Amino acid sequence: MRMSQLYAPTLREVPAEAEIKSHQYMLRAGLMRKSTAGIYAYLPLGQRVLQKVQQIVREEMNAEGGQELLLPILQPAELWKETGRWEDYGEEMFKVKDRHKRDFCLGPTHEEIITALIRSDVRSYKQLPLLLYQIQNKYRDEIRPRFGVIRGREFVMKDLYSFDQDEDSLERSYQRMYNAYERIFRRCGLDTVPVEADSGAIGGDTSHEFMVLADSGEAAIVHCPACGYAANVEKAPCPEVPIEEGERHSSEEVHTPSVGTIEEVCSFLSVEPQQCIKTILYMADGKPLAVLVRGDHTLNELKLQKELQCSELEMADSHTIAEITGAPVGFAGPLNLPIPIMADYAAAAVTDAVVGANKEDYHVRHVSIPKDCSLWKTADLRECQEGDPCPRCGAGLDTARGTEVGQVFKLGTKYSTPLQATFLDQNGKERPLLMGCYGIGVSRTMAAIIEQHCDEDGIIWPVSTAPYSVTIVPVNYKDEKQRAAADELYTRLEDSGIDVLLDDRLERPGVKFKDADLIGFPYRVTIGPKSLQENKVELTHRASKAVELVDIGEVVDLLLSKLASEQPLT
RNA sequence: CGGGGCGUGGCGCAGUUUGGCUAGCGCGCCUGCCUUGGGAGCAGGAGGCCGGAGGUUCAAAUCCUCUCGCCCCGACCA
């Protein structure tokens, strides 16, 4: 490809809307443009990268026996109603109506549609295991699209669905995918960490997320430096805390005028946050409930929801809080509350606590939660945090942030049962299929690669995902000698199968160098007047900035070997 | 949805508080000259219903009302 023909509009200035590097560079390097919030058009360079990532995904999926197919994006509501997810997915689903007023959605994922597809055609254990996948656009009406393509409303995703006859077989499918994911991300040049994860709206029991560690990441994870355990904070369990016999104080009400938050209470009463108890009121399936968490802890709604087994859970509004506690927000407490009280293990063990008094501008101190409160139940309800004991080995956990690029789930029969996807086993007995699903956010992966591979000048593509591996930059394309050398080298590189871009623009060299660095081609061949007299060209490695003078006749072979050695083997 | 902010040529912004002449600046774009090893220089030029709709006024980018969009923080998620 010739740069003069390529539609790659680069920007000198950083678009105001882009906060993080990957977003800025994707816009500046001309990889994509925004259409509307969370929706992007991919320009030729971006599309090439996307295709490279997809190709890696394809190869690894195929290597594990996956078969690619293409599924509808526009999906009928009926299927989603059968699994209950028409409601469960809620506001996040793009819903549309056709001219007959029938309900459809733009598929946020494809479990329903693929299960419905295979249920009529898969009848026997002899057809199993079956691994089917698709790479296509998915739609989620995110509350807040963010970070460019990292959290878009339209995005490219690969999903593979596995169908097995028993748990052992499902476990094998799961392992194959897990291993394939490690290979895929390695080939993309990504450093990922697999973490134990909650399965959220997709469902199922076992799940791992593949995280790219980044400060800009939206997910918080904990990991153990001692044994290697790693999990999403939503998932990591916190231990039960033994209740110790503390010194018995008699509780007393204290006047705490307009002292609402934990910080205010602590400084006002000179106590530590560990001694304060947050009383949070929730509505679970319409019924009120109070939850106690220690002041230095964060409630984990996922854990709470699981413990309650409710389908709808939301914090009570200020009106409800006032009605139940008799006090404005900020003064709720567990004493004499007319609703069930659940306590996190750690909160339930506090024997000298400060709690809200259910009375405006009053708190109560020296409260023993185990003795003075009538708790309905105690459970693990808080988010794991730095320093908490590792659930496997007990060592102190570290925290980090990450962007999720892939997730694998064992779904079991969550979809096959309601959708009646069954097969006949060896004994002629009808059984539901055991399913797994395995997603990779392809467009998000592209952004994650940039996050991990960039510097002040721009992107530094790994060879495996670079839009072009090599760019040829003649310092002055008007100069006949340089032009002839550039053209010839361009042809030879193309002939040898290298993705090469010739910057034949009549721009000044600085402009071309800047663009080359910004777009991030792994190698740049500079053809300049001085070295050309000795039949040499400069070969610059984008990542290391190392420059070597190479005999023009040897460039192709040298590049071929360099490119090959940089592609991670599988 | 709650809180904050922003909509002015392709990009980045000024002008809005305190209404007033042909609405500016930098970058990019076009033409010519010149230049060619890190986003050159000179000259000329194109391009803007000031997000939209109402209103106030002799006069609105500027004031008022409504509306649409975008960005950031939070609650949700791959």
Side-chain angles (χ1 to χ4, degrees), chain A residues 9-20 23-24 27-28 30 33-39 89-93 108-110 137-159 181 197-202 207-212 217-219 232 234 298-299 301-302 305 313-315 317-318 402-409 437-445 447-448 457-458 473-479 482-483 505-518 524 526-532 537-538 540 545 547:
Chain A
T10 57
L11 301 174
R12 294 195 180 193
E13 293 180 82
V14 182
E17 68 191 52
E19 268 221 317
I20 62 171
H23 191 189
Q24 294 172 358
L27 293 169
R28 284 194 56 205
R33 287 290 183 263
K34 183 172 72 177
S35 170
T36 184
I39 298 180
Y89 232 104
E91 299 285 280
E92 209 166 296
M93 192 147 63
T109 175
H110 287 73
N137 282 357
K138 312 235 172 178
Y139 297 82
R140 293 186 194 172
D141 194 1
E142 292 288 345
I143 295 173
R144 184 148 92 82
R146 216 189 311 208
F147 298 143
V149 97
I150 290 201
R151 173 179 299 267
R153 297 193 292 170
E154 175 181 81
F155 52 96
V156 182
M157 192 162 158
K158 183 280 310 185
D159 256 328
Y181 273 33
D198 185 85
S199 47
I202 309 284
S207 178
H208 288 86
E209 290 167 326
F210 287 78
M211 296 286 190
V212 173
E218 298 186 82
N232 193 307
E234 292 173 340
T298 307
L299 177 75
E301 283 193 15
L302 265 164
Q305 185 156 18
L313 181 71
E314 53 179 7
M315 280 176 91
D317 56 44
S318 55
T403 298
E404 180 190 343
V405 285
Q407 187 165 13
V408 291
F409 305 81
C437 92
Y438 316 86
I440 288 181
V442 175
S443 33
R444 172 185 279 196
T445 296
D457 294 321
V473 181
V475 166
N476 183 356
Y477 196 65
K478 269 189 186 164
D479 178 273
Q482 292 179 44
R483 181 190 196 115
R505 293 176 298 172
L506 302 179
E507 292 285 352
R508 292 170 60 82
V511 173
K512 296 193 274 196
F513 293 152
K514 286 286 183 189
D515 274 344
D517 286 349
L518 177 61
R524 186 181 89 204
T526 312
I527 298 180
K530 283 161 263 172
S531 48
L532 196 56
V537 294
E538 278 167 39
T540 308
K545 300 218 152 112
V547 185

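Since the model is a prediction, treat every value here as computed from it, not as a measurement.
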**OP:** Would you state whether a donor and an acceptor, one from the side chain of A:R28 and one from the base of B:G39, lie under 3.5 Å apart?
**Re:** yes
Original post:
Looking for any heavy atom pair under 4.0 Å, which part of the strands does A:V14 touch: base, sugar-phosphate only, or nothing?
Top reply: sugar-phosphate
**OP:** Please give the nucleotide sitting opposite B:C70 as a Watson-Crick or G-U wobble pair, both distances under 3.5 Å, or none.
**Re:** B:G5
**OP:** Please measure how far the P atom in B:C66 lies from the corresponding atom in B:C58, and state the result in whole Å.
**Re:** 24 Å
Original post:
Taking 4.0 angstrom as the limit, do A:R146 and A:E218 come out as a salt bridge?
Top reply: yes
**OP:** Compare side-chain N and O positions of A:T36 against OP1 and OP2 of B:G69 and report whether any pair is under 4.0 Å apart.
**Re:** no
Original post:
Say you pick atom C1' in B:U16 and the same atom in B:G28; how far apart are they, in whole Å?
Top reply: 27 Å
**OP:** Please state the C1' separation for the pair B:A59 and B:U18 - nearest whole angstrom.
**Re:** 16 Å
**OP:** Go through the N and O atoms of the side chain of A:R524 and the base of B:G38, and report whether any donor-acceptor pair is under 3.5 Å.
**Re:** yes
Subject >> Separation of atom CG in A:L518 from atom C1' in B:C11, rounded to whole Å >> reply: 14 Å
Subject >> For B:C42, the Watson-Crick or wobble counterpart (both distances under 3.5 Å) >> reply: B:G32
Original post:
Between A:T526 (side chain) and A:V473 (backbone), is there a donor-acceptor pair under 3.5 Å?
Top reply: no
Original post:
Between B:C71 atom P and A:Q24 atom CD, what is the distance in whole Å?
Top reply: 14 Å
**OP:** For A:S207 and A:Q407, run side-chain hydrogen bond (donor to acceptor under 3.5 Å, both in side chains): C-alpha distance rounded to whole Å, both residues' side-chain angles, the deciding distance at 0.1 Å, then the answer.
**Re:** CA-CA 7 Å; A:S207 178; A:Q407 187 165 13; 2.9 Å; yes
Subject >> Rounded distance in Å between the C1' positions of B:U56 and B:U8 >> reply: 22 Å
Subject >> Residue closer to the 5' end of RNA chain B, A:K478 versus A:R151 (nearest nucleotide) >> reply: A:K478
Original post:
Is it true that A:K512 and A:D517 have a side-chain N and a carboxylate O under 4.0 angstrom from each other?
Top reply: no
Original post:
B:G7 P sits how many Å from A:K34 NZ, rounded?
Top reply: 14 Å
**OP:** Using a heavy-atom cut-off of under 4.0 Å over every strand shown, decide if A:P529 touches base, sugar-phosphate, or nothing.
**Re:** base
Original post:
Less than 3.5 Å between a donor and an acceptor, one on the side chain of A:D515 and one on the base of B:G39, is that the case here?
Top reply: yes
Subject >> Protein-nucleotide distance (A:I20, atom CD1; B:C71, atom P), rounded to Å >> reply: 13 Å
**OP:** Indicate, yes or no, whether a donor-acceptor pair under 3.5 Å links the base of B:C72 to the side chain of A:R146.
**Re:** no
Subject >> Residue mapping more 5' on RNA chain B - nearest nucleotide basis, A:P15 or A:E209 >> reply: A:P15
Original post:
NA contact type, A:G528, heavy-atom cut-off 4.0 Å: base, sugar-phosphate, or nothing?
Top reply: base
Original post:
Looking only at atom P, what distance separates B:U17 and B:A60, rounded to whole Å?
Top reply: 14 Å
Subject >> Pair A:R140 + A:E92: basic N to acidic O under 4.0 Å >> reply: no
**OP:** Would you mind reporting whether A:F155 and A:K138 have side-chain heavy atoms less than 4.5 Å apart?
**Re:** yes
**OP:** Please work out if A:Y477 contacts a base, only the sugar-phosphate, or nothing of the nucleic acid, heavy-atom cut-off 4.0 Å.
**Re:** nothing
**OP:** Determine whether any donor atom in the side chain of A:E507 lies under 3.5 Å from an acceptor atom in the base of B:G39, or the reverse, and answer yes or no.
**Re:** no
**OP:** Kindly compute the distance separating CD (A:E234) from CG (A:L302), expressed to the nearest 0.5 Å.
**Re:** 5.0 Å
Original post:
For the pair made of CZ in A:F147 and C1' in B:C71, what is the distance, rounded to whole Å?
Top reply: 12 Å
Original post:
How far, in whole Å, is B:C34 from B:A40 if one measures between their C1' atoms?
Top reply: 10 Å
**OP:** Apply side-chain hydrogen bond (donor to acceptor under 3.5 Å, both in side chains) to A:T10 and A:R12, showing your working.
**Re:** CA-CA 7 Å; A:T10 57; A:R12 294 195 180 193; over 6 Å; no
Subject >> Euclidean distance for P, B:C72 against B:U35 (whole angstrom) >> reply: 47 Å
Original post:
Rounding to a whole Å, what distance do you find between A:L11:CG and B:G28:P?
Top reply: 12 Å
Original post:
Which of these nucleotides, B:C77, B:A40, B:C1, is closest to any side-chain atom of A:I143?
Top reply: B:C1
Subject >> Between P of B:C77 and CG of A:D159, the distance in whole Å >> reply: 17 Å
Original post:
Do the side-chain N or O atoms of A:R144 get closer than 4.0 angstrom to the phosphate oxygens (OP1, OP2) of B:C73?
Top reply: yes
Original post:
Across the strands shown, which category fits A:I440 at heavy-atom distances under 4.0 angstrom: base, sugar-phosphate, nothing?
Top reply: nothing
Subject >> Under 4.0 angstrom between A:R140 side-chain N/O and B:C77 OP1 or OP2 >> reply: no
Original post:
Does any donor-acceptor pair link the side chain of A:E13 with the base of B:G26 at a separation under 3.5 Å?
Top reply: yes
Original post:
Heavy atoms under 4.0 Å, any strand shown: does A:G441 hit a base, just sugar-phosphate, or nothing?
Top reply: nothing
**OP:** Tell me the partner of B:G19, counting only Watson-Crick (N1-N3 plus N6-O4 or O6-N4) or G-U wobble (N1-O2 and O6-N3) with both under 3.5 Å; none if nothing fits.
**Re:** none
Original post:
Separation of A:E218 atom CD from B:C72 atom C1', in whole Å?
Top reply: 13 Å
Original post:
For B:A40, does OP1 or OP2 lie under 4.0 Å from any side-chain N or O of A:R508?
Top reply: yes
Original post:
Which is true for A:D517 with a 4.0 Å heavy-atom rule: it touches a base, it touches only sugar-phosphate, or it touches nothing?
Top reply: base
**OP:** Could you give the distance separating B:C30 and B:C68 at their P atoms, to the nearest angstrom?
**Re:** 39 Å
Original post:
Using a cut-off of 4.0 Å on non-hydrogen atoms, how would the nucleic acid contact of A:G38 be classed: base, sugar-phosphate, or nothing?
Top reply: nothing
